Amino acid sequence: MEGTGITRLCQRNLLPTTNPSLTCRFFSDSVIHHNSFHNYNRNFPKFLVSATMEASFKPEEARVPVALHLPTPPVTKFKIALCQLSVTTDKERNIAHAQQAIEDAADKGTQLILLPEIWNSPYSNDSFPVYAEDIDAGGDASPSTRMLSEVSRSRKITIIGGSIPERSSDKLYNSCCVFGTDGKLLAKHRKIHLFDIDIPGKMTFKESRTLTAGERPTIVDTEVGRIGIGICYDMRFQELAAIYAARGAHLLCYPGAFNMTTGPLHWELLQRARAADCQLYVATCSPARDGGSSYVAWGHSTLVGPFGEVLVTTEHEETTLIAEIDYSVIEQRRTYLPFQKQRRGDLYQLVDVDRLNSTGAK
(Lines give C-alpha, C1' and ligand atoms only; values in the text may rest on other atoms or scores of the structure.)
Protein backbone atom coordinates (compact mmCIF):
# COMPACT_ATOMS: atom_id res chain seq x y z
CA MET A 1 0.00 0.00 0.00
CA GLU A 2 3.03 2.31 0.21
CA GLY A 3 2.79 5.46 -1.87
CA THR A 4 -0.84 4.91 -2.92
CA GLY A 5 -2.14 8.22 -1.59
CA ILE A 6 -4.28 9.60 1.20
CA THR A 7 -7.57 8.27 -0.12
CA ARG A 8 -6.54 4.64 -0.12
CA LEU A 9 -4.72 5.03 3.20
CA CYS A 10 -7.89 6.35 4.82
CA GLN A 11 -10.03 3.61 3.31
CA ARG A 12 -7.63 1.06 4.73
CA ASN A 13 -7.98 2.59 8.18
CA LEU A 14 -11.77 2.38 7.92
CA LEU A 15 -11.88 -1.35 7.26
CA PRO A 16 -13.35 -3.51 10.03
CA THR A 17 -10.78 -4.97 12.37
CA THR A 18 -10.60 -8.12 14.43
CA ASN A 19 -9.46 -6.08 17.43
CA PRO A 20 -12.62 -5.10 19.37
CA SER A 21 -10.69 -2.59 21.50
CA LEU A 22 -9.70 -0.41 18.53
CA THR A 23 -11.53 2.92 18.68
CA CYS A 24 -11.50 6.22 16.84
CA ARG A 25 -12.24 9.58 18.50
CA PHE A 26 -13.80 12.48 16.65
CA PHE A 27 -14.02 16.16 17.53
CA SER A 28 -17.49 15.51 18.94
CA ASP A 29 -15.68 13.33 21.51
CA SER A 30 -17.91 10.42 20.58
CA VAL A 31 -16.23 7.05 20.28
CA ILE A 32 -16.94 4.83 17.32
CA HIS A 33 -16.00 1.18 17.52
CA HIS A 34 -14.92 -0.79 14.49
CA ASN A 35 -18.31 -2.36 14.04
CA SER A 36 -19.90 1.08 13.69
CA PHE A 37 -17.57 2.31 10.96
CA HIS A 38 -20.11 1.43 8.26
CA ASN A 39 -22.65 3.87 9.74
CA TYR A 40 -20.21 6.79 9.89
CA ASN A 41 -18.26 6.23 6.70
CA ARG A 42 -20.36 8.78 4.84
CA ASN A 43 -20.68 11.34 7.62
CA PHE A 44 -17.01 12.13 8.35
CA PRO A 45 -14.11 13.06 6.05
CA LYS A 46 -11.75 10.15 5.53
CA PHE A 47 -8.66 12.25 6.21
CA LEU A 48 -10.10 13.20 9.60
CA VAL A 49 -10.64 9.57 10.54
CA SER A 50 -7.08 8.67 9.49
CA ALA A 51 -5.53 11.61 11.34
CA THR A 52 -7.39 10.97 14.57
CA MET A 53 -6.57 7.27 14.48
CA GLU A 54 -2.88 8.03 13.97
CA ALA A 55 -2.99 10.44 16.91
CA SER A 56 -4.41 7.68 19.08
CA PHE A 57 -1.35 5.60 18.17
CA LYS A 58 0.81 8.14 20.09
CA PRO A 59 3.79 8.11 17.70
CA GLU A 60 5.71 10.64 19.78
CA GLU A 61 5.66 8.22 22.73
CA ALA A 62 7.52 5.56 20.74
CA ARG A 63 10.74 7.36 21.71
CA VAL A 64 11.59 8.08 25.35
CA PRO A 65 12.47 10.88 25.79
CA VAL A 66 10.57 12.33 22.84
CA ALA A 67 12.66 12.41 19.66
CA LEU A 68 14.36 15.70 18.89
CA HIS A 69 13.62 17.56 15.68
CA LEU A 70 16.27 17.30 13.01
CA PRO A 71 18.48 20.35 13.62
CA THR A 72 19.46 22.75 10.86
CA PRO A 73 23.02 21.71 9.89
CA PRO A 74 25.85 24.25 9.48
CA VAL A 75 26.13 23.18 5.83
CA THR A 76 23.68 21.51 3.48
CA LYS A 77 26.15 20.01 1.01
CA PHE A 78 29.73 18.90 1.52
CA LYS A 79 32.24 16.28 0.44
CA ILE A 80 33.14 13.27 2.58
CA ALA A 81 36.24 11.10 2.11
CA LEU A 82 36.41 7.44 3.12
CA CYS A 83 40.08 6.49 3.41
CA GLN A 84 40.37 2.72 2.98
CA LEU A 85 43.94 2.34 4.22
CA SER A 86 46.38 -0.54 4.12
CA VAL A 87 47.62 -1.40 7.62
CA THR A 88 51.02 -2.87 8.49
CA THR A 89 52.90 -3.86 11.63
CA ASP A 90 54.89 -0.58 11.40
CA LYS A 91 52.99 1.91 13.53
CA GLU A 92 54.99 4.96 12.47
CA ARG A 93 54.39 4.06 8.83
CA ASN A 94 50.66 3.63 9.48
CA ILE A 95 50.43 7.08 11.05
CA ALA A 96 52.39 8.80 8.27
CA HIS A 97 50.40 6.93 5.63
CA ALA A 98 47.08 7.97 7.17
CA GLN A 99 48.21 11.58 7.35
CA GLN A 100 49.10 11.57 3.66
CA ALA A 101 45.71 10.11 2.73
CA ILE A 102 43.92 12.75 4.81
CA GLU A 103 45.91 15.59 3.26
CA ASP A 104 45.34 14.27 -0.26
CA ALA A 105 41.60 14.17 0.40
CA ALA A 106 41.65 17.66 1.89
CA ASP A 107 43.37 18.91 -1.26
CA LYS A 108 40.32 17.69 -3.20
CA GLY A 109 37.93 19.81 -1.15
CA THR A 110 36.60 17.31 1.36
CA GLN A 111 35.33 18.70 4.64
CA LEU A 112 34.85 15.40 6.48
CA ILE A 113 37.32 12.50 6.64
CA LEU A 114 36.50 9.00 7.89
CA LEU A 115 39.29 6.52 8.70
CA PRO A 116 39.01 2.73 9.22
CA GLU A 117 38.71 0.70 12.39
CA ILE A 118 42.12 -0.07 13.98
CA TRP A 119 44.17 1.72 11.33
CA ASN A 120 47.40 2.14 13.34
CA SER A 121 47.72 -1.53 14.38
CA PRO A 122 47.11 -5.04 13.13
CA TYR A 123 43.67 -6.25 14.16
CA SER A 124 44.45 -8.92 16.75
CA ASN A 125 44.19 -9.44 20.47
CA ASP A 126 47.96 -9.86 20.61
CA SER A 127 48.50 -6.46 18.97
CA PHE A 128 45.96 -4.36 20.88
CA PRO A 129 48.04 -4.09 24.11
CA VAL A 130 51.25 -3.40 22.15
CA TYR A 131 49.86 -0.63 19.95
CA ALA A 132 47.49 0.93 22.50
CA GLU A 133 47.79 4.66 23.26
CA ASP A 134 46.78 6.85 26.18
CA ILE A 135 44.44 9.20 24.34
CA ASP A 136 43.60 11.27 27.42
CA ALA A 137 47.28 11.96 28.10
CA GLY A 138 47.86 12.95 24.46
CA GLY A 139 51.20 14.13 23.08
CA ASP A 140 53.86 11.46 22.86
CA ALA A 141 51.53 9.06 24.70
CA SER A 142 49.18 9.12 21.70
CA PRO A 143 51.03 9.88 18.45
CA SER A 144 48.05 8.73 16.36
CA THR A 145 45.60 11.24 17.82
CA ARG A 146 48.28 13.93 17.93
CA MET A 147 48.59 13.60 14.16
CA LEU A 148 44.82 13.73 13.70
CA SER A 149 44.58 16.87 15.81
CA GLU A 150 47.38 18.60 13.94
CA VAL A 151 46.11 17.83 10.46
CA SER A 152 42.49 18.70 11.27
CA ARG A 153 43.65 22.08 12.56
CA SER A 154 46.07 22.80 9.71
CA ARG A 155 43.57 21.78 7.01
CA LYS A 156 40.43 23.10 8.76
CA ILE A 157 38.60 19.81 8.34
CA THR A 158 36.56 17.49 10.55
CA ILE A 159 38.05 14.03 11.11
CA ILE A 160 36.27 10.92 12.34
CA GLY A 161 39.46 9.18 13.30
CA GLY A 162 38.52 5.57 12.64
CA SER A 163 39.56 3.70 15.74
CA ILE A 164 42.72 2.76 17.58
CA PRO A 165 43.45 0.64 20.66
CA GLU A 166 43.19 2.91 23.70
CA ARG A 167 44.83 2.33 27.09
CA SER A 168 43.11 3.88 30.09
CA SER A 169 44.45 2.84 33.50
CA ASP A 170 44.45 -0.96 33.39
CA LYS A 171 41.83 -1.27 30.64
CA LEU A 172 41.95 -1.36 26.85
CA TYR A 173 39.26 0.02 24.56
CA ASN A 174 38.57 0.19 20.84
CA SER A 175 38.12 3.96 20.51
CA CYS A 176 37.17 6.49 17.86
CA CYS A 177 38.18 10.14 18.25
CA VAL A 178 36.45 13.03 16.49
CA PHE A 179 38.43 16.20 15.84
CA GLY A 180 37.01 19.56 14.84
CA THR A 181 38.38 22.12 12.41
CA ASP A 182 40.31 23.77 15.24
CA GLY A 183 42.12 20.53 16.08
CA LYS A 184 40.27 20.03 19.35
CA LEU A 185 38.91 16.66 20.42
CA LEU A 186 35.13 16.90 20.07
CA ALA A 187 34.22 13.39 21.17
CA LYS A 188 35.57 9.93 21.90
CA HIS A 189 33.49 6.83 21.28
CA ARG A 190 34.47 3.56 22.90
CA LYS A 191 33.09 0.56 21.05
CA ILE A 192 29.93 -0.44 22.91
CA HIS A 193 29.36 -3.92 21.51
CA LEU A 194 32.44 -6.12 21.53
CA PHE A 195 33.02 -8.47 18.62
CA ASP A 196 32.68 -11.91 20.18
CA ILE A 197 31.61 -14.50 17.62
CA ASP A 198 32.20 -18.16 16.88
CA ILE A 199 31.23 -19.52 13.47
CA PRO A 200 32.78 -23.01 13.49
CA GLY A 201 35.26 -23.57 10.73
CA LYS A 202 35.01 -19.99 9.46
CA MET A 203 35.51 -17.22 12.02
CA THR A 204 36.19 -17.10 15.73
CA PHE A 205 37.20 -13.87 17.45
CA LYS A 206 36.75 -12.65 21.02
CA GLU A 207 37.50 -8.96 21.51
CA SER A 208 36.52 -9.37 25.14
CA ARG A 209 39.75 -11.30 25.71
CA THR A 210 41.59 -7.96 25.77
CA LEU A 211 39.10 -5.11 25.32
CA THR A 212 36.53 -3.50 27.60
CA ALA A 213 33.17 -2.36 26.23
CA GLY A 214 32.29 1.32 26.17
CA GLU A 215 29.35 2.52 28.21
CA ARG A 216 27.77 5.44 26.33
CA PRO A 217 26.43 6.26 22.87
CA THR A 218 28.32 9.08 21.18
CA ILE A 219 26.72 11.83 19.12
CA VAL A 220 28.60 14.99 18.26
CA ASP A 221 27.84 18.36 16.69
CA THR A 222 30.43 19.25 14.07
CA GLU A 223 30.99 21.79 11.31
CA VAL A 224 29.31 19.30 8.95
CA GLY A 225 26.29 18.37 11.03
CA ARG A 226 25.29 16.13 13.91
CA ILE A 227 26.99 12.74 13.68
CA GLY A 228 26.36 9.50 15.55
CA ILE A 229 29.39 7.25 16.00
CA GLY A 230 29.59 3.46 16.11
CA ILE A 231 32.45 1.03 15.56
CA CYS A 232 32.04 -2.06 13.41
CA TYR A 233 29.97 -4.51 15.50
CA ASP A 234 27.98 -1.55 16.87
CA MET A 235 26.35 -1.36 13.43
CA ARG A 236 24.50 -4.64 14.03
CA PHE A 237 22.43 -3.03 16.78
CA GLN A 238 19.51 -1.11 15.34
CA GLU A 239 18.67 0.29 18.75
CA LEU A 240 21.86 2.36 18.84
CA ALA A 241 21.19 3.82 15.40
CA ALA A 242 17.60 4.58 16.42
CA ILE A 243 18.83 6.43 19.49
CA TYR A 244 21.12 8.55 17.30
CA ALA A 245 18.25 9.29 14.93
CA ALA A 246 16.05 10.30 17.87
CA ARG A 247 18.81 12.65 19.01
CA GLY A 248 18.72 14.42 15.67
CA ALA A 249 21.67 12.88 13.81
CA HIS A 250 22.13 13.70 10.14
CA LEU A 251 24.81 11.09 9.56
CA LEU A 252 26.00 7.84 11.16
CA CYS A 253 29.67 6.94 10.81
CA TYR A 254 30.91 3.40 11.37
CA PRO A 255 34.61 2.66 11.00
CA GLY A 256 34.59 -1.12 10.69
CA ALA A 257 36.55 -4.21 9.72
CA PHE A 258 34.13 -6.95 8.78
CA ASN A 259 35.85 -10.16 7.75
CA MET A 260 35.68 -12.55 4.83
CA THR A 261 32.83 -14.49 6.43
CA THR A 262 30.50 -11.77 7.71
CA GLY A 263 31.52 -9.15 5.13
CA PRO A 264 29.92 -10.71 2.04
CA LEU A 265 26.80 -11.57 4.05
CA HIS A 266 26.08 -8.49 6.12
CA TRP A 267 28.38 -5.48 5.50
CA GLU A 268 26.30 -3.70 2.86
CA LEU A 269 23.04 -5.14 4.16
CA LEU A 270 23.47 -3.61 7.62
CA GLN A 271 24.52 -0.21 6.30
CA ARG A 272 21.51 0.01 4.03
CA ALA A 273 19.23 -1.22 6.82
CA ARG A 274 20.46 1.40 9.28
CA ALA A 275 20.08 4.16 6.68
CA ALA A 276 16.59 3.03 5.70
CA ASP A 277 15.53 2.46 9.34
CA CYS A 278 16.56 5.97 10.36
CA GLN A 279 16.21 7.84 7.04
CA LEU A 280 19.63 9.44 7.23
CA TYR A 281 23.12 8.99 5.76
CA VAL A 282 25.40 6.13 6.78
CA ALA A 283 29.14 6.09 6.04
CA THR A 284 31.49 3.17 6.68
CA CYS A 285 35.24 2.83 6.29
CA SER A 286 37.19 -0.43 6.33
CA PRO A 287 40.89 -1.17 6.20
CA ALA A 288 42.10 -2.42 2.83
CA ARG A 289 42.36 -6.18 2.54
CA ASP A 290 45.61 -7.93 3.41
CA GLY A 291 45.36 -11.60 2.54
CA GLY A 292 48.49 -12.37 4.55
CA SER A 293 47.27 -11.03 7.90
CA SER A 294 45.76 -13.11 10.65
CA TYR A 295 42.51 -11.17 10.30
CA VAL A 296 41.49 -10.43 6.70
CA ALA A 297 39.23 -7.40 6.26
CA TRP A 298 36.43 -7.39 3.71
CA GLY A 299 36.98 -3.79 2.58
CA HIS A 300 34.15 -2.23 0.53
CA SER A 301 33.93 1.15 2.29
CA THR A 302 30.56 2.68 1.43
CA LEU A 303 28.29 5.72 1.62
CA VAL A 304 24.54 5.05 1.81
CA GLY A 305 21.75 7.61 1.39
CA PRO A 306 18.59 8.06 3.49
CA PHE A 307 16.49 5.79 1.25
CA GLY A 308 18.97 2.95 1.82
CA GLU A 309 20.55 3.49 -1.59
CA VAL A 310 24.27 2.89 -2.10
CA LEU A 311 25.74 6.20 -3.28
CA VAL A 312 29.35 5.11 -3.61
CA THR A 313 31.35 2.01 -2.73
CA THR A 314 34.57 0.26 -3.66
CA GLU A 315 36.24 -3.14 -3.67
CA HIS A 316 38.95 -4.27 -1.22
CA GLU A 317 42.08 -2.46 -2.43
CA GLU A 318 43.52 0.63 -0.79
CA THR A 319 41.73 3.73 -2.07
CA THR A 320 40.00 6.93 -1.01
CA LEU A 321 36.36 7.42 -1.94
CA ILE A 322 35.07 10.98 -2.21
CA ALA A 323 31.35 11.70 -2.44
CA GLU A 324 28.87 14.49 -1.79
CA ILE A 325 26.36 14.49 1.03
CA ASP A 326 23.23 16.61 0.62
CA TYR A 327 21.28 16.90 3.85
CA SER A 328 18.24 18.42 2.11
CA VAL A 329 17.52 14.91 0.85
CA ILE A 330 16.79 13.72 4.40
CA GLU A 331 13.69 15.88 4.84
CA GLN A 332 12.59 15.08 1.30
CA ARG A 333 12.78 11.34 1.91
CA ARG A 334 11.01 11.64 5.26
CA THR A 335 8.21 13.53 3.54
CA TYR A 336 7.88 10.85 0.89
CA LEU A 337 7.80 8.06 3.46
CA PRO A 338 6.68 9.55 6.81
CA PHE A 339 6.97 6.47 8.99
CA GLN A 340 8.84 8.48 11.63
CA LYS A 341 5.40 9.94 12.43
CA GLN A 342 3.56 6.64 12.13
CA ARG A 343 5.10 4.67 14.97
CA ARG A 344 2.90 2.97 17.54
CA GLY A 345 3.82 4.48 20.88
CA ASP A 346 0.77 2.73 22.29
CA LEU A 347 2.44 -0.62 21.51
CA TYR A 348 6.21 -0.14 21.87
CA GLN A 349 8.88 2.28 23.04
CA LEU A 350 12.61 2.74 22.59
CA VAL A 351 14.17 4.19 25.74
CA ASP A 352 17.37 6.24 25.47
CA VAL A 353 18.62 5.50 28.99
CA ASP A 354 21.64 7.79 28.74
CA ARG A 355 19.63 10.79 27.56
CA LEU A 356 16.84 10.09 30.04
CA ASN A 357 19.30 10.12 32.94
CA SER A 358 21.54 12.97 31.75
CA THR A 359 20.52 16.58 32.07
CA GLY A 360 20.90 18.36 28.75
CA ALA A 361 22.11 15.24 26.89
CA LYS A 362 21.43 15.16 23.17
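Values in this document were obtained by computation on a predicted structure and should not be read as measured data.
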Just by modelled atom types, is the P129 backbone N or O under 3.5 Å from a matching donor or acceptor in the R167 side chain? yes
Let me check something: do I192 and I118 share a hydrophobic cluster, defined by ILVMFWY side-chain heavy atoms less than 4.5 Å apart, either directly or through other members? no
Can you sort out the partners of A98 under side-chain contact (heavy atoms from CB on, under 4.5 Å), two or more places apart, ordered by chain and number? L85, W119, M147
Using distance alone, with no hydrogens and no angle criterion, decide if E318 and S86 have a side-chain donor and acceptor under 3.5 Å apart. yes
Summary of ring pair (Phe, Tyr, Trp, His ring centres under 6.0 Å) pairs that have at least one residue in residues 164-195, sequence neighbours excluded: H193-F237, F195-F205, F195-Y233
Out of curiosity, does I164 fall in the hydrophobic cluster containing V178 (side-chain heavy atoms, cut-off under 4.5 Å, transitive links)? no
Rounded to the nearest 0.5 Å, the CG atom of L303 sits from the CG atom of L311 at a distance of 5.0 Å
Side-chain touch I219/R226, heavy atoms, less than 4.5 angstrom: yes
Less than 4.0 angstrom from a charged side-chain N to a carboxylate O is my criterion; do R146 and D140 meet it? yes
I want to check something: taking the side chain as every heavy atom from C-beta on, are P116 and P255 in contact at a cut-off of under 4.5 Å? no
Is there a continuous path of hydrophobic side-chain contacts, each under 4.5 Å between heavy atoms, that joins L194 to M203? yes
Do we see a donor-acceptor contact under 3.5 Å between the side chains of E207 and Y123? yes
Evaluate the side-chain proximity of V304 to T313: yes if any heavy-atom separation is below 4.5 Å, no if none is. no
Begin with the C-alpha distance, continue with both residues' side-chain angles, and end with the deciding distance and a verdict on side-chain hydrogen bond (donor to acceptor under 3.5 Å, both in side chains) for N94 and T88. CA-CA 7 Å; N94 293 337; T88 71; 3.0 Å; yes
Restricting to ring pair (Phe, Tyr, Trp, His ring centres under 6.0 Å), what partner residues turn up for H300, sequence neighbours left out? W298
Taking all heavy atoms of D234 and all of Y254, pick out the closest pair and write down the distance. C-CE2, 4.1 Å
Are Y327 and K77 close enough, and set up right, to give a side chain to side chain contact (heavy atoms under 4.5 Å, CB included), and what steps lead you there? CA-CA 6 Å; Y327 285 148; K77 294 182 180 181; over 6 Å; no
Hey, are D182 and R153 close enough for a salt bridge, meaning a charged N less than 4.0 Å from a carboxylate O? no
Can you see whether D326 engages S328 through a side-chain donor-acceptor pair at a distance of less than 3.5 angstrom? yes
Non-hydrogen side-chain atoms of Q238 and L240 separated by less than 4.5 Å: no
Linking Ile, Leu, Val, Met, Phe, Trp and Tyr by side-chain heavy atoms under 4.5 Å, what else ends up with L265? none
Strictly below 4.0 Å, N to O, side chains only: are E133 and K91 in salt-bridge contact? yes
Can you tell me how far CD of Q279 sits from OH of Y336, rounded to the nearest 0.5 angstrom? 12.5 Å
Residues two or more places apart in sequence or in another chain: which of them pass salt bridge (charged side-chain N to carboxylate O under 4.0 Å, His left out) with D136? K188
Heavy-atom side-chain proximity of Y244 to L280 below 4.5 angstrom: no
Nearest heavy atoms of F128 and P165, plus distance in Å: O-CB, 3.6 Å
Measure across R190 and S175 and return the closest heavy-atom pair with its distance rounded to 0.1 Å. CG-OG, 3.3 Å
Apply side chain to side chain contact (heavy atoms under 4.5 Å, CB included) to residues L112 and L251 and explain how you reach the verdict. CA-CA 11 Å; L112 177 64; L251 167 67; 3.6 Å; yes
Indicate whether the side chain of E117 and that of N174 have a donor and an acceptor atom separated by less than 3.5 Å. yes
Enumerate donor-acceptor pairs with a distance under 3.5 Å from any side-chain N or O in residues 59-71 to protein atoms, sequence neighbours excluded.
none

Please answer: with hydrophobic residues joined when any side-chain heavy atoms are less than 4.5 Å apart, are I113 and V312 in the same cluster? no
Ignoring hydrogens and geometry beyond distance, is a side-chain donor-acceptor pair present between D134 and S142 at under 3.5 Å? no
Starting at NZ of K171, measure out to CG of L211 and round the result to the nearest 0.5 Å. 12.5 Å
Hey, mind stepping through L115 and L148 against side chain to side chain contact (heavy atoms under 4.5 Å, CB included) and telling me if it holds? CA-CA 10 Å; L115 297 184; L148 296 177; 3.7 Å; yes
With side chain to side chain contact (heavy atoms under 4.5 Å, CB included) as the test, would you mind laying out the steps for Y131 and T89 before giving the verdict? CA-CA 9 Å; Y131 289 75; T89 57; 3.7 Å; yes
Would a hydrophobic clustering, with Ile, Leu, Val, Met, Phe, Trp and Tyr connected at side-chain separations under 4.5 Å, put I322 with V75? no
Can you name the closest pair of heavy atoms from C176 and I229 and give their distance? SG-CG2, 3.8 Å
Between Q271 and R274, does any side-chain donor sit less than 3.5 Å from a side-chain acceptor? no
Spell out, as yes or no, whether a donor-acceptor pair under 3.5 Å connects the side chain of S152 to the backbone of S149. yes
In plain terms, say whether E223 and K156 are close enough for a salt bridge, that is, a side-chain N and a carboxylate O under 4.0 Å apart. no
Atom of A257, atom of P287 and distance for their closest heavy-atom approach: CB-CD, 3.8 Å
Separation of T262 OG1 from K202 NZ (nearest 0.5 Å): 11.0 Å
Does this structure show an ion pair linking R289 with E317, if we count only N-O contacts that are shorter than 4.0 Å? no
Check: I330 main-chain N/O paired with Q332 side-chain donor or acceptor under 3.5 Å: no
Considering all heavy atoms of both residues, which atom of D290 and which atom of V87 are nearest to each other, and what is their separation? OD2-O, 4.3 Å
So, taking the atom named CD1 in I159 and the one named CD in E150, what distance separates them when rounded to the nearest 0.5 Å? 10.5 Å
Taking S293 for the side chain and Y295 for the main chain, is one N or O donor matched with an acceptor at less than 3.5 Å? yes
Using a strict 4.0 Å threshold on nitrogen-to-oxygen distance, state whether D196 and K206 make a salt bridge. no
Between S286 and Q84, a side-chain donor and acceptor under 3.5 Å: no
T181 (side chain) donor-acceptor with I157 (main chain) under 3.5 angstrom: no
Taking the side chain as C-beta and beyond, is there a heavy-atom pair between R155 and D107 under 4.5 Å? yes
Side chains of E166 and L172, heavy atoms from C-beta outward: is any pair under 4.5 Å? no
Between atom CG of L82 and atom SG of C285, what is the distance when rounded to the nearest 0.5 Å? 5.5 Å
Could you check if a side-chain atom of Y281 sits within less than 4.5 angstrom of a side-chain atom of I80, using non-hydrogen atoms only? no
Applying salt bridge (Lys or Arg N to Asp or Glu O under 4.0 Å) to R247 and D354, what does each step give before you reach the verdict? CA-CA 11 Å; R247 294 188 188 189; D354 186 53; 3.4 Å; yes
